[in-house]
Amino acid sequence: MQTLSIYNTLSRNKELFKPLKAPHVGMYVCGPTVYSDVHLGNCRTFISFDIIYRYLTHVGYKVRYVRNITDAGHLESDADTGEDKVSKKAKLQQLEPMEIVQKYTVDFHNVLQQFNCLPPSIEPTATGHIIEQQEMAKTIIENGWAYEVDGTIYFDVEKFAKQNNYTALTGRKIDELFENTRDLDGQDEKRGRLDFALWIKAKPEHLMQWPSKWGQGFPGWHIECSAMSTKYLGEQFDIHGGGMDLAPTHHTNEIAQNIAYCGKQPCNYWMHTNMLTVSGQKMSKSLGNSFLPHELFSGNHPLLQKGYSPMAVRFFMLQTHYRSTLDFSNEALQAAEKGFERLVEAYKTLQQLIAQNSSPENIAELEKQCYNAMNDDFNTSVLIAHLFDAARIINSANDKKTTLTTTDIELLKKIFNHFFFDVLGLKIETEKNRSSEALTKVMDYVLEMRKKAKEEKNFALSDNIRDSLINAGIQIKDGKEGTNWKI
RNA sequence: GGUCCUGUGGCCGAGUGGCUAGGCUGAGCUCUGCAAAAGCUCCUACAGCGGUUCGAAUCCGCUCGGGACCUCCA
């Protein structure tokens, strides 16, 4: 097993990864609230955790990866005010709330599939775990950490913070939090200003509500994750992840709930992915600089000069470490697209490399460096740099400027299979008709014609053939071993 | 306003107290009938000002800029 270190938000340091029950690893990631098209920032988070899931699996762990779908209880404001996001959308579109949930869940799955993300082991929903959430709230009340006011259950943060480190995740000073939170004038039935709801009394017109011992209501936003992680991963598990914006409120409250419920920290390693910006500014609807995944793929957006394939985008994201902000720009995307293509071409070249008896290259060391990169807090950026080194060696060997033994070539293939495909989750996109048999035969014939023309010094014709192929979107490359082509 | 994070070459983006990140772009060379591709070389940076140190982009302080969350506002 590899020695892996992970940056833990709790300690603000990289720590050696020690699972509670190796080889089993429990990982929980906060999934999307399915009330609108999936945000590209969400995609980044889920792609990051897809890599983590893939790498842990690759090095031999048996990972149970749980990622929830929030389909109820997430209000417009995190201060337990405003409407439920799903219900609001349902009213606007005059649909059943579960129609909204279905529509955007399907959309979410489609997008992640295009990005080649593996499905999680379990994908539980908030509405599917109402009982569990009620039970957890009940226990928290019994344990003395929550109270009921007219059918709504609040978590007593002030009381909790006196005996526990409520702000462990962010290191904020609790006194300042109290000071900076304003009074919710008049309507406030909470005891403390930082208190948050575990269960909320539903008004009669509220579309999504369930019976409970406290009357009709619906769950608070934070309780679902505590309830579902506990149900499927136990009271304590290994990794909990999500976007950085979730740490101060959602995750902080989640930890409080778990401790209030069973007296234990829910997990050992908290991992947070950084945000997305567009040309240096944060991606937001109000700034008019946000676009959807399908707009990014098609290029159908004023900010996009062209479309970028899902794999190019995935590769682009992986060139930046998950804890750094990721900046979208046409220039950067195009650079990534070309770099990705370069690796794909090197992989194809690798398949037809001819082995020599000896080699000056140290491929075993290269493989080791790839593992080192991933072991250092999943540093995909450094891993990719090593893959480019591999590409240079492959191309050099193809140009007869270096030599590789059979062992070297096999090891290079293994490196690509393990890291490029399995761990980074990249794939070679097969354009329709790209390598249909008929086209291959036609190309063989056309290239034979061109070869003959060249032998007869009829360069006008050979160039004409080449230009015509370029017009048809096919590029040819003359090499020592003959001519290759690609679309 | 508060807390936290962050500032790297034309662009993107890793990184460690002293040793080439890598990709894209541009220039030159090799190869080639020419081109493309590929290889090699070059453009060699670390926001600014102080400090610690034999030595800092890497540690500390301040200034300026960017971001996240909270507050405010809409």
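What you see below is based on every heavy atom in this structure, not just the backbone, and it leaves out hydrogens, waters and symmetry mates. Protein chains get the first letters and strands the later ones, always in sequence-line order, with residue 1 at the start of each.
Comparing the P positions of B/G28 and B/A35 gives an interatomic distance of 12 Å, to the nearest angstrom. With P as the reference atom, B/C11 and B/C54 are 36 Å apart, rounded to whole Å. Comparing the same atom, C1', in B/G13 and in B/U6 gives a spacing of 14 Å after rounding to whole Å. Across B/A14 and B/C70, the matching P atoms stand 25 Å from one another, rounded to whole Å. Only the P atoms considered, B/G39 is 23 Å distant from B/U44, to the nearest whole Å. With both ends at atom P, the span from B/C49 to B/A56 equals 14 Å, rounded to whole Å. On the C1' atoms, B/A47 is 15 Å away from B/U58, given to the nearest whole Å. Going from the C1' atom of B/U8 to that of B/G65 covers 15 Å, rounded to whole Å.
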Evaluate the criterion side-chain contact (heavy atoms from CB on, under 4.5 Å) for residue pair A/Asn116 and A/Met311; output intermediate values, then yes/no. CA-CA 8 Å; A/Asn116 203 28; A/Met311 281 306 107; 3.5 Å; yes
Verdict with supporting geometry, A/Met244 and A/Thr273, side-chain contact (heavy atoms from CB on, under 4.5 Å): CA-CA 5 Å; A/Met244 234 172 216; A/Thr273 58; over 6 Å; no
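Aromatic ring centres of A/His251 and A/His272: separated by under 6.0 Å. Checked against a 6.0 Å centroid threshold, the rings of A/His58 and A/Tyr371 count as neighbours. For A/Phe17 and A/Tyr269, the ring centers are positioned less than 6.0 Å apart. For A/Phe328 and A/Phe316, the ring centers sit closer than 6.0 Å to each other.
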Any chance you could list the contact pattern along nucleotides 21-27 of chain B? Use B for base contacts, S for sugar-phosphate-only contacts and - for none, protein heavy atoms under 4.0 Å, 5' to 3'. BSSSS--
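Partner assigned to B/U58 is none, using Watson-Crick or G-U wobble distances below 3.5 angstrom. Base pairing annotation: B/C4 forms a Watson-Crick or G-U wobble pair with B/G67, both donor-acceptor distances under 3.5 Å. In a base pair of the Watson-Crick type (N1 to N3 plus N6-O4 or O6-N4) or a G-U wobble (N1-O2 and O6-N3), with each distance short of 3.5 Å, B/G22 is matched with B/C12. Pairing of B/U52, defined by two Watson-Crick or G-U wobble distances under 3.5 Å, is not identified with any nucleotide. When Watson-Crick and G-U wobble pairs are counted only if both distances are under 3.5 Å, B/C34 pairs with no nucleotide at all.
A residue-by-residue look at A/Lys14 and A/Met275 shows that A/Lys14 has its nearest nucleotide of RNA chain B further toward the 5' end.
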Check nucleotides 7-9 of chain B against the protein and report each pair of N or O atoms closer than 3.5 Å, with its distance, or say if there are none.
none

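In this model, the phosphate group of B/G15 is approached by a side-chain N or O of A/Asn379 to a distance below 4.0 Å at OP1 or OP2. For A/Asn395, a side-chain nitrogen or oxygen approaches OP1 or OP2 of B/G39 to under 4.0 Å. Residue A/Ser324 has a polar side-chain atom (N or O) positioned under 4.0 Å from OP1 or OP2 of B/A14.
Residue A/Arg450 places its side chain closer to B/C34 than to any other of B/C4, B/A14, B/C34.
Using a 4.0 Å cut-off between a side-chain N of Lys or Arg and a carboxylate O of Asp or Glu, A/Arg392 and A/Glu361 do not qualify as a salt bridge. Between A/Arg314 and A/Asp50 there is a salt bridge, since at least one side-chain N of the basic residue sits less than 4.0 Å from a carboxylate O of the acidic one.
Closest heavy-atom contact between A/His321 and A/Asp377: CE1-O, 2.9 Å.
No side-chain donor-acceptor contact under 3.5 Å links A/Gln356 and A/Thr405.
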